[in-house]
2 protein chains.
Amino acid sequence: MAGRPKIFDEREVVEKAVDVFWTKGYETASADELLDAMGIGKGSFYLAFKGGKKELYEKSLRQYADRFDKQLLHDLSVSKDPVQLIKDFFMALADDPKSKQMKGCYIGNALVQLSDGDVDTKLIAAELLGSVESIFTDVIRKAQEEKKLKNKAKPEVLGKYLINLWNGVNVTRRSNPGYEHLREVLEMSLQVLH
Amino acid sequence: MAGRPKIFDEREVVEKAVDVFWTKGYETASADELLDAMGIGKGSFYLAFKGGKKELYEKSLRQYADRFDKQLLHDLSVSKDPVQLIKDFFMALADDPKSKQMKGCYIGNALVQLSDGDVDTKLIAAELLGSVESIFTDVIRKAQEEKKLKNKAKPEVLGKYLINLWNGVNVTRRSNPGYEHLREVLEMSLQVLH
DNA sequence: TCCTTTTTGTACTAATTAGTACATAATATC
DNA sequence: GATATTATGTACTAATTAGTACAAAAAGGA
């Protein structure tokens with residue numbers, strides 16, 4: 001209850017770190033660069049994040065996913081047609097600006113960018129993607145129960161199908177942002193949600 | 001027409017480099033590690049690959065994709081049912097050993113692992129994926145013309161749909177190799193090829 | 001005011017990075 | 001066999017990396 005006061009808020013600086021990691025990638029984002037963006041010095045950083053860069057990255061993954069999930073759950077909760085909301089959510093991917101198209105999914109990137117040495121961090125990313133998947137699964141299960149979805153496939157399979165679509169689009173559009181056919185691919189892919 | 005003979009074959013050492021880049025990722029694969037696997041010293045390496053690590057990587061992408069395309073085109077050429085061959089090709093992803101599932105697609109990885117500084121290398125990867133896409137597109141167009149494919153969607157859209165599926169699976173299965181539902185997701189995704 | 005506690009900024013370190021310089025080795029040609 | 005040519009191996013460099021050490025600063029409590 002004493003001592004010099006912190007000059008930064010942890011959530012805020014982690015958010016700044018997300019930006020850097022997202023645009024540069026985990027390996028390529030240097031500690032100096034991160035600290036610069038976060039606006040704190042090494043002294044403060046290594047005191048607050050004893051695990052260094054890796055701890056910062058894991059916290060950034062968790063914080064990002066947490067916010068994403070909360071937002072999605074909220075949007076779903078106020079929606080009259082959750083299945084349509086999911087469709088819209090995917091269709092919106094085709095309208096993102098090129099800069100965003102090139103960045104991919106913050107969590108999915110972790111799965112592909114981390115080397116074999118970072119198995120534990122990869123596991124976190126997998127778990128976080130899994131939680132989005134189960135949000136999808138729940139929406140689908142409920143819609144099926146309420147006879148709002150004709151497709152009788154297992155909700156778990158449809159949920160994984162959607163995450164797979166998400167992962168695919170986030171790689172595909174990197175290679176050709178704004179490609180004319182992306183919208184049609186998405187429409188074709190979402191026909192399973194009938 | 002003179003001079004000390006090379007102790008290595010370029011295609012062979014590039015192939016060794018593919019292994020290292022694939023398991024470790026572009027950034028994480030160090031030059032020393034690569035040279036070690038390739039079995040040559042720095043002198044030989046920087047003489048043969050004046051562009052250093054980057055040139056090696058680009059050559060490895062091209063060589064890998066070239067072999068992949070040739071194999072696929074050959075398999076298609078001797079197949080009675082090319083559309084079914086593509087289906088089998090995708091379904092086989094579910095049976096890969098865990099080690100292979102974790103590695104993703106060699107070309108797709110490049111799209112996600114390269115930072116903004118390597119735009120030119122990214123473009124190469126995009127072009128190489130594009131050539132696989134056009135192989136798919138051609139097969140589909142032909143099958144439609146021969147009335148062997150009922151789906152009337154544009155071949156270009158179906159081709160991109162398939163590349164998108166490929167990209168998705170190669171990310172998704174990293175997060176949960178051997179996941180029970182992958183096979184069902186693939187079956188669901190391939191129903192467009194009816 | 002002085003003491004304790006915590007944070008901060010800076011200077012430093014030790015390791016690793018990609019890449020270069022260059023003397024030497026191995027061949028073909030004349 | 002001498003010479004030109006190309007390849008090789010080693011020793012080196014310069015930059016960058018993540019992370020540490022530590023003295024000074026800024027607060028609260030006695």
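Letters A, B, ... mirror the listed sequences (proteins, then strands); counts begin at 1.
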Ion pair [X]/[Y], N-O distance below 4.0 Å:
| X | Y | result |
| --- | --- | --- |
| A:Lys154 | A:Glu156 | no |
| B:Glu127 | B:Arg62 | yes |
| B:Lys54 | B:Asp120 | yes |
| A:Lys16 | A:Glu12 | no |

Quickly work out the [X] [atom1] to [N] [atom2] distance and round it to whole Å.
| X | N | atom1 | atom2 | answer |
| --- | --- | --- | --- | --- |
| A:Lys6 | C:dT8 | NZ | P | 7 Å |
| A:Glu27 | C:dA18 | CD | P | 12 Å |
| A:Phe45 | D:dT17 | CZ | C1' | 14 Å |
| A:Lys50 | D:dA21 | NZ | P | 13 Å |
| B:Met38 | D:dG9 | CE | P | 13 Å |
| B:Lys53 | C:dT16 | NZ | P | 15 Å |
| B:Lys54 | C:dT17 | NZ | C1' | 17 Å |
| B:Phe49 | D:dT8 | CZ | P | 11 Å |

ask   = If you find the nucleotide of DNA chain C closest to A:Lys42 and the one closest to A:Leu47, which residue's nucleotide is nearer the 5' end?
value = A:Leu47
task = Taking only heavy atoms on the protein side, list every residue of residues 8-18 of chain B lying under 4.0 Å from any atom of DNA chain D, sorted numerically.
result = B:Phe8
Could you run down the sub-3.5 Å N/O contacts of the protein with nucleotides 23-25 of chain C?
residue	atom	partner	partner atom	Å
C:dA25	O4'	B:Arg4	NH1	3.4
C:dA25	N3	B:Arg4	NH1	3.4

request  = May I ask you to list the residues of residues 28-36 of chain B, by number, that have any heavy atom positioned under 4.0 Å from an atom of DNA chain C?
outcome  = B:Ala29, B:Ser30, B:Ala31
query = D:dT20 phosphate, OP1 or OP2: any side-chain N/O from A:Tyr46 under 4.0 angstrom?
reply = no
request  = Please state whether the rings of B:Trp22 and B:Tyr106 are parallel, tilted or perpendicular, taking 30° and 60° as the class boundaries.
outcome  = tilted
query = So A:Trp166 and A:Phe90, would you call those rings parallel, tilted or perpendicular, with 30° and 60° as cut-offs?
reply = perpendicular
query = Between C:dA11, C:dT8, D:dA27, which one does the side chain of A:Ile7 approach most closely?
reply = C:dT8
query = Between B:Ser134 (side chain) and B:Thr137 (backbone), is there a donor-acceptor pair under 3.5 Å?
reply = no
4.5 Å side-chain heavy-atom contact, B:Phe136 and B:Pro155 = no
ask   = Within 45° of the ring axis of B:Tyr26 and under 6.0 Å from its six-membered ring centre, is that where the NZ or CZ of B:Lys53 lies?
value = yes
inquiry  = Set out, in order, the CA-CA distance, both residues' side-chain angles and the distance that settles side-chain contact (heavy atoms from CB on, under 4.5 Å) for B:Val83 and B:Ile140, then state yes or no.
reply    = CA-CA 7 Å; B:Val83 172; B:Ile140 287 159; 5.5 Å; no
key: Atom of A:Gln101, atom of A:Arg174 and distance for their closest heavy-atom approach   = O-CG, 3.7 Å
